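If you're wondering where the values come from, they're calculated on a predicted model, not measured in any experiment.
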Amino acid sequence: IEVTEKDPCYCCRILMKQAVSVKGVWPLPQSFTISSERYPLNPQAFYFAYGKQSAAQEGCSVLDEAFKRYFSLIFPDYISAYSILQFSEDQPFTVQVSVGLDDCDGYPDENSSEQLYTLCLSTGLETFSQLVYQEDFGSYFVNKTEIEDFPRFQFRGILLDTSRHYLPVRAILKTLDAMAFSKFNVFHWHIVDDPSFPYQSRTFPDLSAKGAFHPMTHIYTQSDVRRVISYARMRGIRVLPEFDSPGHTQSWGKGQSDLLTPCYRGSTPSGTFGPVNPALPSTYKFMATLFKEVSSVFPDSYIHLGGDEVNFSCWKSNPDVRAFMQKMGFGTDFTKLEAYYMENIVNITTALNKTSIVWQDVFDYHERIPKDTVLHIWKGDPASYEAELSRITKAGYRVLLAAPWYINHISYGQDWRNYYTVQPLNFSGTEEQKKLVIGGEVCMWGEYVDATNLTPRLWPRASAAAERLWSDEKQTSNVDKAFPRLQDFRCKLLRRGIQAEPLFVGHCKHEYQGV
Amino acid sequence: MLKFASLLLALSFCQGRQHHNINNDDEVVPVFQASKYSSLWPLPQKVQISEISFKLSGTSFKIVDAKESSAGSSCSILQSAYRRYYEYMFGSAKKQWGGKNRRADLTELHVWITSPDSECDAYPGVTSDESCESFYGGLETFSQLVYEDEYGAKNINSSKISDFPRFAHRGVLLDSSRHFLPIKVILANLETMAMNKINVFHWHIVDDQSFPYLSRTFPQLSQQGAYHPYTHVYTPADVKMVIEFARLRGIRVIPEFDTPGHTQSWGKGQTDLLTPCFSGSKPSGTFGPVNPILNTTYDFMTQFFKEVSTVFPDTYVHLGGDEVDFTCWKSNPDIQKFMEQQQFGEDYSKLESFYIQRLLDIVSTTQKGYLIWQEVFDNGVKLKADTLIHVWKGNQQQYQNEMANVTASGYQTLLSTPWYLNRISYGQDWQGFYKADPQDFKGTDEQKKLVIGGEACLWGEYVDATNLTPRLWPRASAVAERLWSASNVTDIDDAFNRLSLHRCRMVERGIPAEPLFSSYCPHEYKGV
């Protein structure tokens, strides 16, 4: 293998001699030529090395870890085959990796670490590992291959919901593993919601002590969160936390009194609570403190603020809220109240040097939000989300598409085909508008999902979206052509211990060994 | 001072109605009762749970044979069930609460088998059902009554339960042909079936896609027809293990060898078995259903089913008979000629009947009863009076008509149509499964009695070891209650409450049963 650096943009361009009969790489690289010339790989004489010109050298934690990880992924039965292979006389085979920038200790982020994380880890090592194949006799080969690759969209996310069901940290880490295999690079952690508040806050420990399903067993401690973030970093994955408000906050109210709006029946409080109370100054003080903590715990430069599905009936019932409306001159238009609230929250995060992502509802209510805010589209059928894409980008906002990838909605048969054939840029708008689509996200909402069924429900269905977000659309427009490659990739996932469900009848050489 | 109290699980087999009495006349400790029927699933026929609770300690609790019991310690199925249920009840608690000085109110569960002859080494069958039923059902119910209090201690409330199943045949179908299912997965699901009082494992073992059954008589069938001749087959030892594992849990194993359709994989290892299809006057190179006009076909079937009948001890075998595509038969000139000879005209269902009747004769000689899919009945094949007709087609009205027709003809029947669990959709589809009732059709009481039960089917197109267990449970549990509990147990809210707890219990016992809705279990699934 030679690693060349002809093109400064693709510092981790890897020129691979050999390997094929391999059924392909998922997601499909931008340009990809496999020759029939193949080279044997011997795990006993196989090395990763830093190129001489590489800015990163030994000691680069991300790459050192990745070398170790990918060695086992490339040679999955190395341990058991160890004794047979020790007298090999093969020439050593070295994979050289060169990186243009030494940012080994940084976190993957929007732009800064594209080279190291996207190009080296995803393009280089993951693709290379997928090219290696094992023959019936057990020997490993890789064919001479030339690849030039880069992602179509820079934001390729998966949302997990840890509020409707608690997901043990192990389940999250497993998902991060599988995400890296499909070149996803953002873990959108919908960490709290109505049903439970599992995030253990340093500043407000009562939130989880009272709002989690269980204050000890169903929470994410600070060290759990750090572990998730660092595990993700090693795989080139950003962790984007979502603290959704003012709706979806029932669980917050248990540990923070006076945060939620008391609902009224007639002239007396009914005992139930609605969205966050936007009329009280204490609310904004609390939010500022909480988001200050959140912004220091989560290193990513983005924070997701939610802002979806706010039910106005409780606000309407509350005399104090109505008085506030009058004072502010909002009349009876409660969307103005919501807008007022969201503007305040966005300003809080802006002051913390974070960029906000909010659900599309916030745009729909014509709220005045900073131009760098990202709108997250989640509603409707293709016609309506295409119209929304058009409207939001026309207003100059960046946008993230999730509507066609609500993967928690299951149905009988090969629904991955629907996820695959989405065309994220198929809306009316200028080239400039299209550039504002920064990517997409697969959402696994948690009503019917927990550790028992998360992994097989997510994979390989999410991988279909992964290819749409990474690969060139023209080269990947034929879903039937993708089918055998995805089947092959699914077997690879099984081989790597990911409990990915079958696409249709058939078998894998190495079936899943768990229950 | 309280030394020990004993509990009695008396199982009387003679009357057909069993009473599981849990009595204790010692100290009375009232505890909070969260729900009328706590977490019982499927709901027993009669339940009275009092507020008197007793503590159980893992260090002192024993399940033993009552003195009066007609089955003793030499009865291996009892002993292994005792151990299993001890593990269920105290498995996790043992580690945490091993202290010897914890006081226990209840130290023994006495199992009194009152049946005159307890068949310890026999296989569960249609006739021995009731003894098995009450034994396993009783232990499972007892274990479901045990709950953990806020201190982690195990408790049980004094309860009176009398129980018996509404239907004798409560099955789950697994399909090991479209995807190979490792033995481990099958065993884990047998275990879960027992927790749900499912008593029939319908093993749809072979089909078009693969033939994983390793036949001693015709090893080529799996050698050529399995996905892989070594890694994707069930050896005789595997099959034996499944049957024994099932037996110890009171579960019958009914194998299905579906013919004449659904047999593509058979053709790979057995030449001349399938019908060569023709395009025009030449063989097209493809094959259709089993060739019904050759004597060799029937010789093969005779030998094959002779083996099957010895390998699988159950008194029934499922012969399939569904979805026979006639186009290949029509294309074949030899078959056309045969049709003429037999004066079948153009009616290929007559040819199908011809095949099935000969097959049934063959299988009858092995002393087995048989189940067949409804088409065989629909096509007017002459059947033995004790044939079980398996209804699987149509919408609600159609299957209800079919049930009415089948029973009007005097055949026994079982229902699967509303319980195709492989068909998934978003949301709480278990409620639909729960609402279906196999006796809900127009017919006389005599007809209703001919309904022996039903089966939840998990066909394998989109299911393998990766997703089978969470897809099956707790959705199949909904079917299990419909088939076990009284017909008037239809309160969906109460069912939701109990089923939520029941699914958490399955999770705690290591089964990845998926959630019903947003919620949590005290002990979440650990097997990620």
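Contacts with chain B were tallied for A/Ser196, A/Ser163, A/Pro195, A/Gly506; A/Gly506 has the most, counting heavy-atom pairs under 4.5 Å. The candidate with the highest count of non-hydrogen atom pairs below 4.5 Å against chain B, out of A/Lys174, A/Glu447, A/His510, is A/Glu447. In terms of non-hydrogen atom pairs under 4.5 Å with chain A, the most contact-rich of B/Lys184, B/His228, B/Arg423, B/Arg471 is B/Arg423. Put simply, of B/Pro512, B/Ser177, B/Ser518, the one with the most heavy-atom pairs under 4.5 Å next to chain A is B/Ser518. Ranked by non-hydrogen atom pairs under 4.5 Å with chain B, the options A/Pro456, A/Gly413, A/Pro502, A/Gly497 are led by A/Pro502. Of all the listed residues (B/Gly460, B/Gly527, B/Ala513), the one sharing the greatest number of non-hydrogen pairs under 4.5 Å with chain A is B/Ala513. Contact count against chain B (heavy-atom pairs under 4.5 Å) is highest for A/Phe504 among A/Phe504, A/Trp459, A/Tyr512. Considering only heavy-atom pairs separated by less than 4.5 Å from chain B, the leading option among A/Glu501, A/His165, A/Arg164 is A/His165.
A donor and an acceptor atom, one from each side chain of B/Thr466 and B/Asp464, are located under 3.5 Å apart. No side-chain donor from either of A/Gln250 and A/Asp194 sits under 3.5 Å from a side-chain acceptor of the other. A donor-acceptor contact closer than 3.5 angstrom links the side chains of A/Arg417 and A/Gln414.
Of the atoms belonging to B/Glu461, heavy atoms from both backbone and side chain fall under 4.5 Å from chain A. Heavy atoms of B/Leu516 lying under 4.5 Å from chain A belong exclusively to its backbone. Looking at B/Val463, only its backbone comes within 4.5 Å of chain A, counting heavy atoms on both sides. Only the side chain of A/Leu494 comes within contact range of chain B, judged by heavy atoms closer than 4.5 Å. Looking at A/Pro168, the atoms closer than 4.5 Å to chain B (heavy atoms on both sides) all sit in the side chain, from C-beta outward. With a threshold of 4.5 angstrom between heavy atoms, B/Glu514 approaches chain A through its backbone and through its side chain. Heavy atoms closer than 4.5 Å to chain A are found in both the backbone and the side chain of B/Pro515. When heavy atoms are compared at a cutoff of 4.5 Å, B/Asn422 approaches chain A by way of both its backbone and its side chain. Both the backbone and the side chain of A/His409 come within contact range of chain B, each with at least one heavy atom under 4.5 Å from a heavy atom of that chain. The contact between B/Thr469 and chain A is made entirely by side chain atoms (from C-beta outward), counting heavy-atom distances below 4.5 Å. If you measure heavy-atom distances from A/Asn408 to chain B, the contacts under 4.5 Å come from both the backbone and the side chain.
Stacking of A/Arg496 on the aromatic ring of A/Phe181 is recorded, both the 6.0 Å distance cut-off and the 45° axial limit being met.
Outside the 6.0 Å centre-distance limit, the rings of B/Phe517 and B/Phe496 are not counted as a close aromatic pair.
Crowding of A/Arg227 atom CZ: a count of heavy atoms from other residues, nucleotides or ligands under 6.0 Å not exceeding 12.
The distance from atom CG of B/Leu499 to atom CD of B/Gln428, rounded to the nearest 0.5 Å, is 9.0 Å.
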Give the intermediate values and the outcome of side chain to side chain donor-acceptor pair (under 3.5 Å) for residues A/Trp26 and A/Asp488. CA-CA 9 Å; A/Trp26 192 279; A/Asp488 181 56; over 6 Å; no
Would A/Glu511 and B/His232 count as a side chain to side chain donor-acceptor pair (under 3.5 Å) here? Give the steps. CA-CA 9 Å; A/Glu511 299 286 1; B/His232 289 64; 2.9 Å; yes
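Between A/Ala403 and A/Gly380, the shortest heavy-atom contact is CB-O, 4.1 Å.
Here the side chains of B/His179 and B/Ser210 are not in contact, with every heavy-atom distance at 4.5 Å or above. Side-chain contact between B/Ile186 and B/Trp203 is present, with at least one heavy-atom pair separated by less than 4.5 Å.
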